[in-house]
**Q** 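Below is one structure. I have some questions about it.
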Amino acid sequence: QGQLVESGGGLVQAGDSLRLACAAPSLTFDFYAMGWFRQAPGKERDFVAAINWSGDTTHYADSVKGRFTVSKERASKTMYLQMNDLRPEDTAVYYCASAKTNQVQGVMLSPSYWGQGTQVTVSS
């Protein structure tokens, strides 16, 4: 229950794009807000983006606004993070998370489940 599986990470150059996916096959997907976090080497895990269970509310960290877009697809129980104009400072392990709430603040502050992470490396 609550298993989250990330995919889509890789090594890219500055200015490139990547799309991360987070599959949640065992979740009652419609009852969970979902989010993305990232952790760079030697730093704490930081919030990146979140989407509520109905998909009509999103929230982003200031550092990614205008470049990253979070979305979800109910049929496949998958959340996505489209990352454009990537920068070296975006390099990190990216984690997806979920919380049983319709509020984005719920997953931002108190995630219930975490994925294993996927590495994103952006070279200059």
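As the structure is a prediction and not an experimental result, all values here were calculated from the model. Position 1 is the first residue of the sequence, and the numbers go up from there.
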**Q** Is there a side chain to side chain contact (heavy atoms under 4.5 Å, CB included) between Thr101 and Phe31? Walk through the geometry before answering.
**A** CA-CA 6 Å; Thr101 173; Phe31 294 163; over 6 Å; no
**Q** Can you list everything that forms a side chain to side chain donor-acceptor pair (under 3.5 Å) with Asp16? Sequence neighbours excluded, please.
**A** none
**Q** Ignoring hydrogens and geometry, is there a side-chain-to-backbone donor-acceptor pair from Arg38 to Ala92 under 3.5 Å?
**A** no
**Q** Would you say the side chain of His59 lies within less than 4.5 Å of the side chain of Met108, judging by non-hydrogen atoms?
**A** yes
**Q** Could you state the interatomic distance from OG1 (Thr57) to CD1 (Ile51), rounded to the nearest 0.5 Å?
**A** 8.5 Å
**Q** What is the minimum heavy-atom distance between Ser124 and Pro88, and which atoms define it?
**A** CB-CG, 3.8 Å
**Q** Measuring from atom OH of Tyr95 to atom CG of Asp46, what distance do you get when rounded to the nearest 0.5 angstrom?
**A** 12.0 Å
**Q** Ring centres of Phe37 and Phe47 under 6.0 Å apart?
**A** yes
**Q** Return the OH to CD distance between Tyr94 and Gln39, rounded to the nearest 0.5 Å.
**A** 12.0 Å
**Q** Checking Ser98 side chain against Ser112 main chain: does a donor-acceptor pair fall under 3.5 Å?
**A** no
**Q** Can you get from Leu4 to Tyr32 by hopping between Ile, Leu, Val, Met, Phe, Trp and Tyr side chains that sit under 4.5 Å apart?
**A** yes
**Q** For the backbone of Lys77 and the side chain of Glu73, can you confirm whether one donor and one acceptor N or O come within less than 3.5 Å of each other?
**A** no
**Q** Compute both the distance and the angle, then confirm whether Arg45 meets the cation-pi test with Trp114: under 6.0 Å from the six-membered ring centre, within 45 degrees of the axis.
**A** yes
**Q** Determine, step by step, whether Leu11 and Gln119 satisfy the side chain to side chain contact (heavy atoms under 4.5 Å, CB included) criterion, reporting the C-alpha distance in whole Å, the side-chain angles of both residues, the deciding distance to 0.1 Å, and the verdict.
**A** CA-CA 8 Å; Leu11 171 63; Gln119 176 71 47; over 6 Å; no
**Q** Using the rule that two of Ile, Leu, Val, Met, Phe, Trp, Tyr join whenever any of their side-chain heavy atoms come within less than 4.5 Å, decide whether Val107 and Val48 are in one cluster.
**A** no
**Q** Enter the distance from Ser110:OG to Gln105:CD here, rounded to the nearest 0.5 Å.
**A** 11.0 Å
**Q** Is there a side-chain contact between Trp36 and Glu6, using heavy atoms and a 4.5 Å cut-off?
**A** yes
**Q** If we ignore hydrogens and angles and just use 3.5 Å, is the side chain of Tyr113 paired with the main-chain N or O of Cys96 as donor and acceptor?
**A** no
**Q** Out of curiosity, Asn102 CG to Ser54 OG, how far, rounded to the nearest 0.5 Å?
**A** 4.0 Å
**Q** Any link between Leu27 and Leu20 through a network of hydrophobic side chains (Ile, Leu, Val, Met, Phe, Trp, Tyr) touching at under 4.5 Å?
**A** yes
**Q** What is the distance from atom SG of Cys22 to atom CG of Leu81, rounded to the nearest 0.5 Å?
**A** 10.5 Å
**Q** Ignoring hydrogens and angles, tell me if any N or O in the side chain of Thr78 forms a donor-acceptor pair with the backbone of Ser76 under 3.5 Å.
**A** yes
**Q** For Val122 and Arg87, which heavy atoms make the closest approach, and how far apart are they?
**A** CB-O, 3.3 Å
**Q** Under 4.5 Å between any side-chain heavy atoms of Leu18 and Leu86, yes or no?
**A** yes
**Q** Return yes if some donor-acceptor pair links the side-chain N/O of Thr69 with the main-chain N/O of Gln82 below 3.5 Å, else return no.
**A** no
**Q** More than 12 foreign heavy atoms under 6.0 Å from NZ of Lys100: is that the case here?
**A** no
**Q** Between Asn52 and Gln103, is there a donor-acceptor pair closer than 3.5 Å when you use the side chain of the first and the backbone of the second?
**A** no
**Q** Check whether Lys72 reaches the backbone of Tyr80 with its side chain - one donor and one acceptor, N or O, closer than 3.5 Å.
**A** no
**Q** Test of understanding: clusters of I, L, V, M, F, W, Y form through side-chain heavy atoms closer than 4.5 Å, transitively. Do Val64 and Val104 belong to the same one?
**A** no
**Q** List the steps, then state whether side chain to side chain contact (heavy atoms under 4.5 Å, CB included) holds for Thr91 with Val120.
**A** CA-CA 5 Å; Thr91 295; Val120 172; 5.9 Å; no
**Q** Going through the checks in order, is the side chain to side chain contact (heavy atoms under 4.5 Å, CB included) test met by Val70 and Tyr60?
**A** CA-CA 9 Å; Val70 62; Tyr60 297 92; 3.4 Å; yes
